[in-house]
Amino acid sequence: MSKISNLFKGGSKHKSKGNPSAQEAIHKLRETEEMLTKKQDYLEKKIEQEIAIAKKHGTKNKRAALQALKRKKRLEQQLTQIDGTLSTIEFQREALENSHTNTEVLKNMGYAAKAMKKIHENTDLGKIDDLMADITEQQDVAQEISDAISRPSGETFDEDELLAELEELEQEDLEESMMSMGGLPSVPSSKLPSSRSNERATTRRKVEEEDDMRMLASWGT
């Protein structure tokens, strides 16, 4: 009850001084929400106590059990009313906060618009094109200087020679890898007969066989 009386006293003070500010109203609504939330916790505990009393007496003392249930019903009604009140206060607080936020946003946007207007008053729009042209020209000059500085000078290298050297290094690396895996397969020391020598040997054998056949034929005659 003291908090409720303080709220009304605070409201009378604000009336005497004028309309409260948005922040003051939001603060008061938050205090009211906190007070009603504590009241909810108190009622919920009381309801649990009345249920325990009703269970304790049961059919042994119906009168006491029924009285406990009646008190529970009244407490539940109060709890329902507080739930509705809290929903209304929460809605009002959120609406007030949104209105306050929108007001602050509009105020700041107005300040920004005035500052921008003041800046533009001291800006000569006719010189903007000349300024941008100067900036572009200086950027081109800076790029030329950068290109000149970064251009290689002195000794140059043949790219083909470098590629050939790179291939040699890769071949050496491959051979080392093969050696580490057990070495390259052994190559026969003797030369393998070529296909042309094989053909000549076959032809020579055929000629010798024909000569032998002719010799045998002449012996038969």
Side-chain angles (χ1 to χ4, degrees), residues 1-136 138-139 142-143:
M1 293 299 294
S2 59
K3 287 191 175 181
I4 295 176
S5 60
N6 288 333
L7 287 175
F8 284 110
K9 288 179 181 180
S12 61
K13 289 181 181 179
H14 286 302
K15 286 183 180 180
S16 61
K17 292 182 180 180
N19 294 329
S21 65
Q23 293 180 345
E24 291 174 343
I26 292 171
H27 179 69
K28 289 296 182 182
L29 288 174
R30 287 188 181 279
E31 286 185 348
T32 303
E33 285 183 278
E34 182 181 355
M35 178 192 65
L36 292 177
T37 301
K38 291 181 179 179
K39 182 67 174 179
Q40 276 184 324
D41 295 337
Y42 171 76
L43 291 176
E44 288 174 354
K45 291 179 180 179
K46 289 293 292 181
I47 289 172
E48 291 177 358
Q49 291 177 0
E50 297 299 336
I51 292 174
I53 293 172
K55 288 181 178 180
K56 178 182 178 181
H57 293 289
T59 56
K60 298 177 182 179
N61 190 347
K62 289 185 178 180
R63 183 175 180 181
L66 291 175
Q67 290 295 328
L69 292 176
K70 289 179 181 179
R71 289 193 297 270
K72 181 182 77 72
K73 290 292 185 182
R74 289 195 296 269
L75 294 171
E76 288 176 345
Q77 290 177 354
Q78 294 180 36
L79 190 60
T80 302
Q81 292 175 351
I82 291 176
D83 288 337
T85 303
L86 276 174
S87 298
T88 303
I89 292 176
E90 183 179 359
F91 175 79
Q92 186 180 15
R93 177 179 54 78
E94 290 177 353
L96 186 57
E97 288 174 345
N98 291 334
S99 298
H100 178 63
T101 301
N102 293 334
T103 302
E104 291 297 322
V105 169
L106 291 174
K107 186 188 299 182
N108 293 332
M109 290 175 67
Y111 289 153
K114 290 179 181 179
M116 188 179 296
K117 182 178 180 180
K118 186 176 181 180
I119 293 172
H120 289 163
E121 286 177 354
N122 299 326
T123 303
D124 188 357
L125 299 178
K127 296 181 179 180
I128 293 178
D129 292 337
D130 296 336
L131 178 62
M132 295 305 297
D134 291 340
I135 293 174
T136 302
Q138 294 304 317
Q139 288 177 343
Q143 185 63 40

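Every residue meeting the side-chain hydrogen bond (donor to acceptor under 3.5 Å, both in side chains) condition with Gln143, not counting sequence neighbours, appears here in chain and number order: Asp147. The side-chain hydrogen bond (donor to acceptor under 3.5 Å, both in side chains) test applied to Asp83 returns Gln40, not counting sequence neighbours. Remark: Lys46 engages no residue in a side-chain hydrogen bond (donor to acceptor under 3.5 Å, both in side chains) (not counting sequence neighbours). With sequence neighbours excluded, the residues satisfying side chain to side chain contact (heavy atoms under 4.5 Å, CB included) with His57 are Ile53, Asn61, Ala64, Ala65. With sequence neighbours excluded, the residues that form a side chain to side chain contact (heavy atoms under 4.5 Å, CB included) with Ile51 are Ile47, Lys55, Lys72. In this structure Arg71 satisfies the side-chain hydrogen bond (donor to acceptor under 3.5 Å, both in side chains) test together with Glu50, sequence neighbours excluded. Here Asp134 pairs with Glu137 under the side chain to side chain contact (heavy atoms under 4.5 Å, CB included) rule; sequence neighbours left out. Residues meeting the side chain to side chain contact (heavy atoms under 4.5 Å, CB included) test with Phe91, sequence neighbours left out: none.
Atoms CD and CG, on Glu76 and Leu43 in that order, are 10.5 Å from each other to the nearest 0.5 Å. Summarising the geometry, atom CD belonging to Glu44 is positioned 11.0 Å from atom CG belonging to Leu75; distances are rounded to the nearest 0.5 Å. Going from atom CD1 of Ile26 over to atom CD of Gln23 covers 7.0 Å, rounded to the nearest 0.5 Å. Once rounded to the nearest 0.5 Å, the distance linking CD of Glu33 with OG1 of Thr85 reads 11.5 Å. Taking CZ of Arg74 as the start and NZ of Lys70 as the end, the distance is 8.5 Å to the nearest 0.5 Å.
Side chains of Gln77 and Thr80 form no contact here, defined as non-hydrogen atoms less than 4.5 Å apart.
Considering every non-hydrogen atom in both Ile82 and Leu36, the closest pair reads CG2-O, 3.8 Å. Ala68 and Ala54 get closest at one heavy-atom pair: CB-N, 3.9 Å.
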N/O donor-acceptor pairs under 3.5 Å from side chains in residues 95-105, not counting sequence neighbours:
residue, atom, partner, partner atom, Å
Glu97, OE1, Arg93, NH1, 3.4
Glu97, OE2, Arg30, NH2, 2.6
Glu97, OE2, Arg93, NH1, 3.2
Asn98, ND2, Glu94, O, 3.1
Ser99, OG, Ala95, O, 2.9
Thr101, OG1, Glu97, O, 2.8
Asn102, ND2, Asn98, O, 3.1
Thr103, OG1, Ser99, O, 2.8

Donor-acceptor pairs under 3.5 Å, side chain of residues 112-119 to any protein atom, not counting sequence neighbours: which ones?
none

(request) Just do the salt bridge (charged side-chain N to carboxylate O under 4.0 Å, His left out) check on Glu24 and Lys28 with the steps written out, would you? (result) CA-CA 6 Å; Glu24 291 174 343; Lys28 289 296 182 182; over 6 Å; no
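Tested against Leu131 for a side-chain contact (heavy atoms from CB on, under 4.5 Å), the candidates Ile135, Ile128, Asp129 yield a single pass: Ile135.
A donor-acceptor pair shorter than 3.5 Å can be found between the side chains of Glu31 and His27.
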